[in-house]
Amino acid sequence: VKRILSIDWLRPRDVYPFAILGLAALGMVVLPRLTSGSVTLINVYDVAQIFADYGLIALAIGLAMMAGEYDLSTAGAYALGAVVAVKLGGHSPLLGLAAALGVGLVAGFVQGGIVSRLNMSAVPVTLGGYLVLFGLNQEFAHSKTVNFENYTIGLTLDEPILQIFSLRSLICLSVFAVVFLALRFTRLGAEIRAVGGDRRASRTAGVPVRRVLIGVLIVSGLSSTAAGALKAFSLASANPDVGLTPLIFATIAALLGGVSLTGGRGSVLGILAGVLSYATLQETLAIIGVEEWQSQLTTASLLLLVAALTAPHLKRELTALRTRLRVRLAAAPVVAGKE
Amino acid sequence: MSESGSVLTERDAWPRLGIPRMSLSGATIVGIFALIVIIGSVTTTGFATVENLKAILQSSAFVGIIAVGMTVIMLSGNVFSMSLGTTAAVTAITFLWALEFGIAAAIVLTILFGLGICAVQGWIVGWLGANPIIVTIAAGVLQAGVTQKVSGGTTIYPPPDASYSWLANRVGGIPFPFIVFVALTIVVDAVLRGTSFGRAIYAVGENKRAARAAAISIAAVAAGAFAVAGACTGIAGALIGATNGNASLFIESTYTFDAIAAVLVGGTAVTGGRGSAGRTLFGAIVIATISSLLLLRGYSTGIQIFVKGLIVVAVVVLVQLGSRGRDR
């Protein structure tokens, strides 16, 4: 099992996503008691549902981050996937889902093609991509929430299975499993991390950098539109303007899951742990019954915290700070002696 | 192409003079834009009129002022801020609230507030090397949360006796916000090219390691660049508040992405070190002009955003193609 999961339980950076998940779970059990709330299996089901809402987009963001890129268009793809699936899935939801995936495929292929062919950062390209997808989305939905007549599909997708799962969360879980196995048992995982670590060096070493970048952005597009489509089926409506909420969730989840923003580090299991951690935290806040601004403050602080803790110069600056303090302490008696 | 040849020699003859250096990709972009304007004027009624020109200038002003600030962030090698739109909303609210202390105090307070909010973010980014996109997203959520608590999520109105409407008026037919936009562009470009702070921004944006080796404080430069962006956004916030006569968090909606788009369309490099506020002035006007053309031809907001996205991708690709020769 250890070999398959490829987690070294003695290496801190492999373990900390799961330690955070443990902490989050503990928090969900303990914190509500302080406000005389209680935790039941329904809350575990809720966590799994939040995972179903944002898991796939976190996978998209996480994979791109592992390859040293950041895909801003995911927020647009998520919303467009929802609108397309609802608009075209009236008679057959599967057709709607397929259409949404088609949009994700095209978006990923075009952006990936530009990024890999011109050997440039994905950030400006996917920013343009976000605007393109967002614009299409507004046009397609006439800037209004689109309702879905087919309520039954949503009910089927969200019906509890074994009390804590639903068809939707199981679908997401199986996508995670497939991607995990693909990255674990082919060279893909190593190649993505290599490209994220050093694009130029991996090209020299014979890694097919272009194919990896296109592939990652295609998977990112597919995964984001699928997430949006499934969410829309569940709600029986599609909101064309979700803002940056999915992107923010996915980024926090990926960072909590040990994916490095500078690329080259991270794993699918870590992303899974990160999504579950953040979902657990959100559910805990919901049980306690915090107000919207309080939950915004929590989100912001968490994001700032992980951004600071994973920042590349943190160690160097802390060492510098400590040295400066030590020098000052050592110098202090001399000054006192002079006086 | 003989034209591009003469442009290339001109670049060497005019170093550091605030004159936009025109590369081949730059010439292509200007050429395509000129073509669109000419075709638009001929085929679209009401496009090439003085009234529409004023409307274009008006609509480019707010986004443009924020974009000038965004340019400085991008030049310093810190990609861009994902929350200047939120800061614009927050400063617009601040401005209307602060009007009770008088207009001068309100303007100063608003600018300082925007400056402070952004300087802290820049310092975190520069000091720790933290990712600017993540830090600014977090800062945006933080500002929204705090503002929601403080304002109770309501729309803020100015004191009834406050006189601020001149901020939204026209001077000699030109909208005052646009005059501010142009003035700010000139000032920021002068600071960027004429002061050691400005040159440090270019140096850090071009190569962080080399700048560090040259004893430039990365943290101070990043904080400074974000502070300029915050001050610009504060100015935009005050003008937005004065123009609308009310303010809430809802007005932030599109300013962030529109400002980034304006900077990118101007051709400032997202990797830092190359570009100017003058380019952003051009970028903001291009976007406003094309949006106006689409609007007059009856296209929806969705299509306008869609086209904006296409322009961003196209320009980014052209700029990258143009810079490849120089890098190698």
Side-chain angles (χ1 to χ4, degrees), chain A residues 70 72-73 76 110-111 114 118-121 123-143 240-241 243-244 247-248 251-252 255 261-262 291-314 316-318, chain B residues 79-80 82-83 121 124-135 137-150 153 218-219 253-254 256-258 260-261 264-265 269-271 299-317 319-321 323-324:
Chain A
Y70 191 70
L72 281 166
S73 74
V110 173
Q111 298 183 118
I114 294 174
L118 296 180
N119 189 26
M120 59 190 295
S121 158
V123 169
V125 178
T126 56
L127 181 107
Y130 169 79
L131 291 174
V132 167
L133 295 172
F134 183 72
L136 278 179
N137 199 12
Q138 294 290 323
E139 172 64 14
F140 214 38
H142 302 294
S143 307
D241 189 5
L244 293 180
L247 187 79
I248 294 173
T251 305
I252 295 181
L255 288 173
L261 262 170
T262 43
E291 287 175 54
E292 198 197 334
W293 68 271
Q294 290 169 321
S295 112
Q296 278 179 323
L297 288 199
T298 316
T299 304
S301 323
L302 195 61
L303 197 51
L304 270 179
L305 190 71
V306 280
L309 288 180
T310 56
H313 299 160
L314 179 69
R316 184 185 80 194
E317 292 301 328
L318 286 183
Chain B
V79 197
F80 42 67
M82 291 284 283
S83 57
Q121 299 169 46
I124 294 173
V125 169
W127 179 51
L128 297 176
N131 185 295
I133 296 180
I134 311 292
V135 170
I137 288 179
V141 179
L142 196 66
Q143 288 169 60
V146 171
T147 309
Q148 190 154 23
K149 172 64 184 163
V150 174
I218 308 290
S253 55
T254 58
T256 304
F257 284 102
D258 286 352
I260 300 172
L264 290 176
V265 170
V270 80
T271 44
Y299 289 103
S300 67
T301 331
I303 293 294
Q304 289 173 40
I305 300 171
F306 170 75
V307 172
K308 207 183 295 172
L310 285 184
I311 298 172
V312 168
V313 174
V315 172
V316 162
V317 165
V319 168
Q320 175 73 9
L321 282 175
S323 72
R324 282 217 293 194

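All values derive from a computational prediction rather than experimental measurement. In what follows, every chain begins at residue 1, and chains take the letters A, B, ... in the order their sequences are listed.
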Given the rule in the side chain to side chain contact (heavy atoms under 4.5 Å, CB included) test, do B:N131 and A:Y70 qualify, once you have shown the distances and angles that lead to the verdict? CA-CA 11 Å; B:N131 185 295; A:Y70 191 70; over 6 Å; no
Do the side chains of A:L247 and B:I137 get nearer than 4.5 Å, heavy atoms only? yes
Check: A:V123 and B:F80 side chains under 4.5 Å, non-hydrogen atoms: yes
In terms of heavy-atom proximity below 4.5 Å to chain A, should B:I311 be classed as side chain, backbone, both, or neither? neither
Between B:V270 and chain A, which part of the residue has a heavy atom less than 4.5 Å away: side chain, backbone, both or neither? side chain
Top contributor to chain A contacts, counting heavy-atom pairs under 4.5 Å, from B:V315, B:I260, B:I124: B:I260
Using modelled atom types and a 3.5 Å cut-off, is there a donor and acceptor pairing between side-chain atoms of B:Q320 and backbone atoms of A:L118? yes
Closest heavy-atom pair, A:P312 versus B:G129, reported as atoms and distance to 0.1 Å, is CD-O, 3.2 Å
Which answer fits A:L302, side chain, backbone, both or neither, if we ask what part of it has an atom under 4.5 Å from a heavy atom of chain B? neither
Quick check for you: among A:T251, A:L297, A:L127, A:I248, which has the greatest number of heavy-atom pairs under 4.5 Å with chain B? A:L127
Between the CG atom in A:L131 and the CG atom in B:L310, the distance rounded to the nearest 0.5 Å is 9.5 Å
Let me see the working for A:E317 and B:W127 under side chain to side chain contact (heavy atoms under 4.5 Å, CB included), right down to the final yes or no. CA-CA 8 Å; A:E317 292 301 328; B:W127 179 51; 3.1 Å; yes
Which bit of B:Y299 is near chain A, if near means a heavy-atom gap under 4.5 Å: side chain, backbone, both or neither? neither
Does the pair A:Y130 and B:V312 meet the rule for a side chain to side chain contact (heavy atoms under 4.5 Å, CB included), with working shown? CA-CA 10 Å; A:Y130 169 79; B:V312 168; over 6 Å; no
Of B:T301, B:V307, B:T271, B:L142, the largest count of non-hydrogen pairs under 4.5 angstrom with chain A goes to B:L142
Between A:L244 and B:M82, is a side chain to side chain contact (heavy atoms under 4.5 Å, CB included) present by the stated rule, with each step listed? CA-CA 10 Å; A:L244 293 180; B:M82 291 284 283; 3.9 Å; yes
Atom group of B:V146 that falls short of 4.5 Å from chain A, counting heavy atoms: both
Testing the basics here: between A:A300 and B:A138, what is the closest heavy-atom pair and its distance to 0.1 Å? CB-O, 3.4 Å
Which one of A:V110, A:L318, A:L314, A:L261 has the most heavy-atom pairs closer than 4.5 Å to chain B? A:L261
Name all residues meeting the side-chain contact (heavy atoms from CB on, under 4.5 Å) criterion together with B:Q304; count only those two or more places apart in sequence or in a different chain, and write none if there are none. B:S291, B:L294, B:L295
Contacting moiety of A:I252, where chain B heavy atoms sit under 4.5 Å: neither
B:L264 versus chain A, the contacting section by heavy-atom distance below 4.5 Å: side chain
d(B:F306 CZ, A:F134 CZ) to nearest 0.5 Å is 14.0 Å
Answer key: most heavy-atom pairs under 4.5 Å with chain A among B:Q121, B:K149, B:Q148 is B:K149
Okay, A:I114 and chain B: the region with an atom under 4.5 Å from a heavy atom over there is side chain
Where does A:L72 contact chain B at under 4.5 Å (heavy atoms): side chain, backbone, both or neither? side chain
Report the C-alpha separation of A:E139 and B:S300 in whole Å, then their side-chain angles, then the decisive distance to 0.1 Å, and conclude whether the side chain to side chain donor-acceptor pair (under 3.5 Å) test is met. CA-CA 7 Å; A:E139 172 64 14; B:S300 67; 2.2 Å; yes
Shortest non-hydrogen contact between B:G309 and A:V132, atoms and distance: C-CG2, 3.5 Å
